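Labels below follow one simple rule: chain letters A, B, ... track the order of the sequence lines, proteins then strands, and each chain is numbered from 1. This structure is a prediction, so every number in the text was calculated from the model and none was measured.
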2 protein chains.
Amino acid sequence: MVSDTRSAIREVALELFARHGYEKTSLREIAERLGMTKAALYYHYPSKQALLLSIIEPLIAEWKTVADKASTRPHDRPNVRLVLRECLDVLLGYRPIAAMFTRDGAAVLQAIGPLYEDLLEIMRRLHAWLAGPSPTTADRIRAVAATEVLGAALGWSPDMVGVSDDDLREVLLDAALAVLRQGGRSAR
Amino acid sequence: MVSDTRSAIREVALELFARHGYEKTSLREIAERLGMTKAALYYHYPSKQALLLSIIEPLIAEWKTVADKASTRPHDRPNVRLVLRECLDVLLGYRPIAAMFTRDGAAVLQAIGPLYEDLLEIMRRLHAWLAGPSPTTADRIRAVAATEVLGAALGWSPDMVGVSDDDLREVLLDAALAVLRQGGRSAR
DNA sequence: GTCTATACCAGGATAGAC
DNA sequence: GTCTATCCTGGTATAGAC
């Protein structure tokens with residue numbers, strides 16, 4: 001199979017990062033799980049941050065795809081729903097990784113380093129699109145709040161255990177739409 | 001004045017934690033700012049986590065007050081608005097500290113240690129109250145999403161710079177209410 | 001190309017002198 | 001109440017075995 005050492009490292013790292021947090025997970029711990037030494041990891045990844053980055057990257061790429069596609073679409077009701085749904089699907093599809101963003105925000109931002117500006121830009125475009133054309137301040141706040149609603153899917157809260165993805169999808173989508181529509185001007 | 005060394009330490013620590021994140025801030029850095037050594041800090045606080053905890057504690061206490069007061073009130077429309085408003089006021093009043101929760105989640109959870117269960121309980125009660133009596137799964141998801149909306153006030157997003165507290169208060173309050181009312185059964 | 005051994009430095013923590 | 005000295009752990013760098 002193609003799955004080599006690097007994939008194995010990423011897999012173990014993701015599991016430990018997700019469980020104990022990035023900073024609380026040592027390279028020694030990861031190495032031991034794989035039956036190798038700390039230094040061996042350095043052959044495959046130049047740093048702990050680079051390892052984290054390799055795990056995070058696919059999520060950022062997905063996120064960018066969603067933002068890119070959104071930009072090409074007119075801002076009308078069905079499209080707003082569609083875009084929000086795509087955001088939600090990314091979050092749910094990469095749940096353990098996305099959860100690290102909310103859990104280890106500081107570490108993740110450090111790790112993505114140069115990509116940080118890219119991510120801000122992606123979110124900025126997404127928010128701008130969701131806020132609609134010539135948005136008021138309130139529209140911009142609502143756009144951010146709407147994406148925040150979707151973040152509830154990441155389920156750090158014990159009130160969310162045992163809730164199915166389908167329930168989350170349906171309820172959060174409508175909730176996010178409700179936030180945006182508070183504007184009254186209901187997307188044109 | 002009463003403001004002794006301990007307050008000075010907390011003040012400097014909060015500033016650095018807020019700016020560089022908890023893990024990226026070293027005790028040496030804090031000590032140097034205050035013209036003392038690392039070890040001196042240990043006379044005042046038994047650990048870095050304890051220092052963080054002392055900063056976080058007031059916020060948790062406020063949060064608990066809000067949850068306690070909510071429990072005593074009937075779940076009707078004006079009260080839901082009132083409770084959400086109180087939550088928002090806590091967030092805005094302790095903004096730099098509250099922002100650390102979202103930014104350094106993992107570190108904060110570690111730090112509050114024994115208080116972690118208390119905090120979960122507080123949030124559980126708040127969510128339960130917001131979800132209303134005999135809630136459906138959807139109601140429970142909406143309750144979590146509504147509190148998530150309020151978190152948008154913490155403004156990690158560059159789209160939120162330069163937005164006034166008053167604008168945030170008004171827009172986010174209505175947005176959170178819109179999420180809850182998606183239930184159709186509009187609080188009885 | 002893959003890994004081990006080893007050393008280095010920074011950061012949190014502790015003991016004991018002043 | 002503050003300092004010096006010390007310890008341990010963790011991320012990092014490099015030399016070299018296979």
Q) Say you draw a straight line from CZ of B:R169 to CG of B:L91; how long is it, rounded to the nearest 0.5 Å? A) 10.5 Å
Q.
Within the 3.5 Å criterion, strictly below it, is a donor on B:T147 or B:H127 matched to an acceptor on the partner's side chain?
A. yes
Candidates [options] - which lies nearest the side chain of [X]:
{"X": "B:A39", "options": "D:dG11, D:dC3, C:dC3", "result": "D:dC3"}
{"X": "A:K38", "options": "C:dG1, D:dG11, D:dG1", "result": "D:dG11"}
{"X": "A:Y43", "options": "D:dG1, C:dG1, D:dC3", "result": "C:dG1"}
{"X": "B:M36", "options": "D:dT2, D:dT12, C:dT14", "result": "D:dT2"}
{"X": "B:H44", "options": "C:dC3, D:dT14, D:dG1", "result": "D:dG1"}

Between [atom2] of [N] and [atom1] of [X], the distance in whole Å:
{"X": "A:L52", "N": "D:dG11", "atom1": "CG", "atom2": "C1'", "answer": "14 Å"}
{"X": "B:L41", "N": "D:dC3", "atom1": "CG", "atom2": "C1'", "answer": "12 Å"}
{"X": "A:I9", "N": "C:dC3", "atom1": "CD1", "atom2": "C1'", "answer": "11 Å"}
{"X": "B:K48", "N": "C:dG12", "atom1": "NZ", "atom2": "C1'", "answer": "8 Å"}
{"X": "A:Y42", "N": "D:dG11", "atom1": "OH", "atom2": "P", "answer": "7 Å"}

Q.
Whether B:T37 contacts D:dT2 is assessed here as follows: a side-chain N or O lying under 4.0 Å from the phosphate OP1 or OP2. Is that the case?
A. no
Q. Near DNA chain C, which residues from residues 22-35 of chain B have a heavy atom under 4.0 Å away?
A. B:T25, B:S26, B:L27, B:R28
Q.
Please check: side-chain N/O of B:T25 versus main-chain N/O of B:H20, any donor-acceptor pairing under 3.5 Å?
A. no
Q. For B:E86, which of B:R73, B:K64, B:R81 qualifies under salt bridge (charged side-chain N to carboxylate O under 4.0 Å, His left out)?
A. B:R73
Q) A:H44 and A:A40: which non-hydrogen atoms are nearest, and at how many Å? A) CD2-O, 3.4 Å
(Q) Quick check with a 6.0 Å cut-off and a 45 degree axis cone: is B:K48 positioned over the face of B:Y22's six-membered ring? (A) yes
Q. If you draw the axis of the six-membered ring of B:F17, does the NZ or CZ of B:K24 fall within 45° of it and under 6.0 Å from the ring centre?
A. no
